[in-house]
There are 2 protein chains.
Amino acid sequence: MPEDDLCVTRVPIFQGLTRQEQLRVADFARPVLAEKGEIVYAPGQPVSRLLVMHSGQLKVSHAAANGQEQILRTVTDGDVVGERAFLTGHRPNDLAVALEESRMCVFDHADLAVLLRDYPDISQRMLRTLSDRLSSVERLLAAITSSDVNARVAAYLLDLPGTMRDGAATVRLPMAKQEIAAYLGTTPETLSRRLAALSASGLIELHGRREVTILDIDALEHVATPR
Amino acid sequence: MPEDDLCVTRVPIFQGLTRQEQLRVADFARPVLAEKGEIVYAPGQPVSRLLVMHSGQLKVSHAAANGQEQILRTVTDGDVVGERAFLTGHRPNDLAVALEESRMCVFDHADLAVLLRDYPDISQRMLRTLSDRLSSVERLLAAITSSDVNARVAAYLLDLPGTMRDGAATVRLPMAKQEIAAYLGTTPETLSRRLAALSASGLIELHGRREVTILDIDALEHVATPR
DNA sequence: CGAACTCCTTGACATAGATCAAGTTCGCGG
DNA sequence: CCGCGAACTTGATCTATGTCAAGGAGTTCG
């Protein structure tokens, strides 16, 4: 079944395996579909499956007591979600919601344990993945506590994959502005104001709700670097 | 050599091994001493050793461009530092400094690779450790973005291991207040004011620079919970 | 035991950004 | 192609917290 197959071949943590082995892994995977807005897992809910993204996009967020949500990361093709439950046996303290219709492959914890035992390479790659995620949250934390929203917005725009067109790059926002605000640790209002300000000073140009043209990359980079 | 031995037996990631195996692991370890204030590793510096804490305490922080430091975690007995360099080959983007005289055991990356290959259990436990650290940074991030300093201070005090004495708990601050401020994502001034305020409203009592008596746990818990 | 240094506290002030409250616009479904 | 609802913008206001600047207290070391 080509669906399952893709799940396995695309994912970094299964990358070290031979074709043979990948096929065996694929045997354990089951495809799952999540509609836009569907909750993939919720805090406190027992989870017994590990998810591998195939297409679409999830947001993983930490919902605070007062209703403020902090988006921790967005999950796309090839990313793995829910490994904490598998590794530690704890229930999640975060929330995963599909931002759009998403396909993923699901591994039961029991099956996964077998795979890990048989193919140590997988743990090895999982370690690397986790380590990368750790650094990326740490970077986010440092960015949020030490720079102002303006700088964070600029840095965020510059990080987005952009398509060049005669000197100016155009980027497509991967989420609604509210979500971006939640990721940058601010509010939609503030984000809106900052973007308006950047636009007013001619650094960027807004087109519709999802497109941003970066007119002056150098200046934007300057904004992104505090002090 | 009993020193090395302790390094190995105390550390969670080597916990699954038999005594025999632990002895073999201990063979690879070399003891190292860091004076108070000594830099254990710095951003950008190539690191080829993994450290296991034996006694003392380090702080690991992300120094931002503008001089603001965000303390990511403190590292004590049994904790592992510098695994990112080992796992990904990248240079650190964080800074580790000894808060007090510290003893640790050091493993060369090459030796460690051998150990991981021979004892898959170690990777397993490392995965769990990393996963825990990931959650804890995520919690910190959520706390910093969604609650005010007052709540963070209260929560921090409540998290500290305290010794009960006739209804009131006394906690000993593990670091200087400046460090605590850096951990909570605020400034020493603000921390000082908040502690003074908590003291003024009779929730806590300050003794010297390092001792805090919690007079009203319930009230403090209430402060720690926003909404 | 006291000097000296570091760490901490307090005060006055400035301000970024949150919040509340309306509008306004976009883009989707019919 | 149109209308509706969600998403966004804009404005006004408020306040928590950062910043700068002294002064005071605690340790530590000679």
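Computed from heavy atoms alone, side chains included, the values below leave out hydrogens, waters and symmetry copies. Values in this document were obtained by computation on a predicted structure and should not be read as measured data. Naming convention: chains lettered A, B, ... in sequence-line order (proteins, then strands); numbering from 1 in each chain.
- Of the residues in residues 188-204 of chain A, A:Glu189, A:Ser192, A:Arg193, A:Ala196 come within less than 4.0 Å of DNA chain D through at least one heavy atom, sorted by number.
- Within the structure, every side-chain polar atom (N or O) of B:Thr187 is placed at least 4.0 Å from both OP1 and OP2 of D:dT17.
- Scored by the side chain to side chain donor-acceptor pair (under 3.5 Å) test, B:Tyr41 finds B:Asp94 as partners (sequence neighbours excluded).
- Note: CD1 (A:Ile144) to P (D:dT17) measures 16 Å, nearest angstrom.
- Rounded to whole Å, atom P of C:dA18 lies 12 Å from atom CG of A:Asn150.
- C:dG11 sits 23 Å from C:dC7 when the P atoms are compared, rounded to a whole Å.
- Atoms CD1 (A:Ile180) and P (D:dT9) sit 10 Å apart, rounded to a whole Å.
- Residues satisfying the salt bridge (charged side-chain N to carboxylate O under 4.0 Å, His left out) test with A:Asp77, not counting sequence neighbours, are A:Arg10.
- Comparing C:dA18, C:dG17, D:dT17 against the side chain of A:Asp148 picks out C:dG17 as the nearest.
- Residues A:Lys36 and A:Glu101 are not paired through a salt bridge, judged by the lack of any N-O separation under 4.0 Å between the basic side chain and the carboxylate.
- The base of C:dC7 lies close enough to the side chain of B:Arg209 for a donor and an acceptor atom to sit less than 3.5 Å apart.
- To the nearest angstrom, C1' of C:dA16 lies 14 Å from CD of B:Gln68.
- The residues B:Arg84 and A:Glu138 are annotated as not salt-bridged, no charged nitrogen and carboxylate oxygen being separated by less than 4.0 angstrom.
- Checking B:Arg73 against B:Ser136 by side-chain atom types alone, no donor-acceptor pair falls below 3.5 Å.
- In this structure, the CZ atom of B:Arg210 is 15 Å from the C1' atom of D:dA25, given to the nearest Å.
- The shortest non-hydrogen separation linking A:Val80 to A:Glu83 is O-OE1, 3.9 Å.
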